[in-house]
Amino acid sequence: MRVRLTLLLLAVLALLGVGYGLGWFHRPDTPQTQAATPPISVTTAPVVVGDVPVGLNANGIVQPIATVSVRTRVDGQIERVHVEEGARVKAGDVLFTLDTRPNLAILAQLQANLERDRTQLAQAQADAARYDQLTRTGAGARQQADQTRSQALSLAATVKADEALIAQTQLQIDYATIRAEIDGRLGTIPQKQGNYVRVAENTVLATLTRLNPVQVQFAIPERFLSEVRVAYAANTARVQVRAPSGNTTVEGRLVFMDSQVDVTTGTIMLKAQFENEHAALWPGQYVNVTLIPHIDHNVITVPVAAVQTGQSGQHVYVLGSDGKVTRRPVRMLRLEGDRAVLSGELTAGESVVVEGAQRLTGGTRAIDRGQPRPAAGNAG
């Protein structure tokens, strides 16, 4: 009987040894086993608390403030083209010169007529004065005096008509020099030197477009109407535009809000104005628009990648100074670029996990791969 008990005890001890060897029984972690488990490598970013602009994104199109079609105001042959296609010009620069020789000949004839009529006027005025004197002394007839006075008045009117014709002809000569009405850039010039142009044909000699400043037209959904109206009235709205193919961002101001909402699209049309000295914006160009009606103050932001979504809602993992992560519930309010605006119990400067969060749970040990690892101690 004693032998059977001894054999049974040996069998139980052997079974327990195998179980411990295969891990059937849980062994509580000791400081040595914990140290042997390496922390999970993650990437973190700091929590930022500060002012964040509210951005409304839209697509817009660049429009010039002014476009002038250059036309002639007199008939004539183009004698000279003073500019090239695509050139930048200032208001008052000479663009075209028409042949003025016919009008110069007419002007010379009119000036000669004026000299003749002025001479006749002087003689008539002298005769009228002489007959007036004779009439007062009783030596001349009243009828003759009246005739000379009438002739002098008629010649005075003729002189005024001559002067008006000369001014009109001089204006025709001045119009033969065609100048730029605004600052801008020229388009194509279809009419070349030697072409004959007429006022009646309404021929366009060139197109001049003002490039600085320019405007951008865009539309936003009507649900943002109230806050945009407030910003527009206070002149505090800022607008940023960027061409899809470029990295340059230009900032301007909101200058126009349409008087009604487009019922077919549910949007309201706006216009913003931008200084464009270096021609970063081009008329007809499509651009990405960001309207900033106001700025939120003291809000929490983190990189979008830090926000995780689970069965209980949205959360982030915060890596503490003890090397362990803590799960914090948050609520995403909106996105601004690559950052999320949150509400939750987060403090500026805390480190949130942006890479490696899928492997984490509350209390997991982690290390920021961007931080230097502590040096391993030497075995004693």
Given Glu251 and Gln240, is the side-chain hydrogen bond (donor to acceptor under 3.5 Å, both in side chains) satisfied, shown in steps? CA-CA 4 Å; Glu251 184 165 317; Gln240 298 174 343; 3.2 Å; yes
Rounded to the nearest 0.5 Å, how far apart are [atom1] of [X] and [atom2] of [Y]?
X	Y	atom1	atom2	answer
Ile268	Arg229	CD1	CZ	8.5 Å
Ile367	Thr43	CD1	OG1	11.5 Å
Leu333	Thr301	CG	OG1	11.0 Å
Leu211	Glu277	CG	CD	12.0 Å
Asp258	Gln217	CG	CD	8.5 Å
Ile300	Met332	CD1	CE	13.0 Å

Do [X] and [Y] land in one hydrophobic cluster if side-chain heavy atoms of ILVMFWY residues count as linked below 4.5 Å?
X	Y	result
Val289	Leu335	no
Ile220	Ile295	no
Val241	Val62	yes
Leu56	Leu254	yes
Val299	Leu346	no

Checking side-chain polar atoms at under 3.5 Å, does [X] have a donor or acceptor matched by the opposite partner on [Y]?
X	Y	answer
Asn103	Thr169	no
Thr267	Asp262	no
Gln109	Asn113	no
Arg185	Thr209	no
Ser41	Arg359	no

So do [Y] and [X] actually touch side chain to side chain, heavy atoms under 4.5 Å?
X	Y	answer
Thr72	Thr203	no
Ser351	Asp368	no
Val204	Thr207	yes
Glu336	Val341	yes
Gln215	Val255	yes
Met257	Leu225	yes
Glu163	Arg118	yes
Gln314	Pro329	no

Does [Y] offer a backbone N or O that forms a donor-acceptor pair with the side chain of [X] under 3.5 Å?
X	Y	value
Asn212	Asn276	yes
Tyr317	Arg328	no
Glu227	Phe224	no
Asp75	Val199	yes
Glu79	Gly76	no
Thr119	Glu115	yes
Asp183	Ala91	yes

Worked verdict on Lys271 versus Phe218 for side chain to side chain contact (heavy atoms under 4.5 Å, CB included): CA-CA 6 Å; Lys271 288 184 180 181; Phe218 60 100; over 6 Å; no
Going by chain and number, the hydrophobic cluster around Tyr286 (ILVMFWY, side chain to side chain under 4.5 Å) further includes Ile61
Under a side-chain separation threshold of 4.5 Å, the hydrophobic residues clustered together with Leu208 are Val68, Val70, Val74, Ile78, Val81, Val83, Val89, Leu95, Phe96, Leu98, Leu171, Tyr175, Ile178, Ile182, Leu186, Ile189, Val197, Leu205
Would you say [X] has more than 12 foreign heavy atoms packed within less than 6.0 Å of its [atom1]?
X	atom1	answer
Gln111	CD	yes
Lys192	NZ	yes
Arg116	CZ	yes
Arg334	CZ	yes

At their closest point, which heavy atom of [X] faces which heavy atom of [Y], and how far apart are they?
X	Y	result
Val354	Ala45	CG1-CB, 4.1 Å
Ala306	Val316	O-CG1, 3.4 Å
Ala231	Pro293	CB-O, 3.3 Å

Between Phe274 and Val216, does a side chain to side chain contact (heavy atoms under 4.5 Å, CB included) hold up when you go through it step by step? CA-CA 8 Å; Phe274 301 84; Val216 173; 3.5 Å; yes
Stepwise, does the side chain to side chain contact (heavy atoms under 4.5 Å, CB included) test hold for Gln168 with Ile166? CA-CA 5 Å; Gln168 181 181 3; Ile166 288 174; over 6 Å; no
Go through it in stages, so that I can follow the logic: the residues are Asn202 and Arg71, the test is side-chain hydrogen bond (donor to acceptor under 3.5 Å, both in side chains), and I'd like the CA-CA distance, side-chain angles, deciding distance and then a yes or no. CA-CA 7 Å; Asn202 203 28; Arg71 292 181 170 88; 2.8 Å; yes
Only one of Glu275, Arg238, Gln273 clears side chain to side chain contact (heavy atoms under 4.5 Å, CB included) with Arg253; which? Gln273
List the steps, then state whether side-chain hydrogen bond (donor to acceptor under 3.5 Å, both in side chains) holds for Ser312 with Arg327. CA-CA 12 Å; Ser312 58; Arg327 185 178 182 277; 2.7 Å; yes
Quick one: do Val302 and Val307 satisfy side chain to side chain contact (heavy atoms under 4.5 Å, CB included)? Show the steps, please. CA-CA 8 Å; Val302 300; Val307 181; 4.1 Å; yes
Dump the intermediate steps for salt bridge (Lys or Arg N to Asp or Glu O under 4.0 Å) on Arg210 and Glu181, then the final yes or no. CA-CA 10 Å; Arg210 186 173 181 181; Glu181 296 295 331; over 6 Å; no
Show, in sequence, the C-alpha distance, side-chain angles and deciding distance for Thr236 and His294, and conclude whether the side-chain hydrogen bond (donor to acceptor under 3.5 Å, both in side chains) test is met. CA-CA 7 Å; Thr236 57; His294 67 272; over 6 Å; no
Do Asp99 and Arg101 pass the salt bridge (Lys or Arg N to Asp or Glu O under 4.0 Å) test, and can you show the C-alpha distance, the side-chain angles, and the key distance before you say yes or no? CA-CA 6 Å; Asp99 186 6; Arg101 288 175 295 178; 3.1 Å; yes
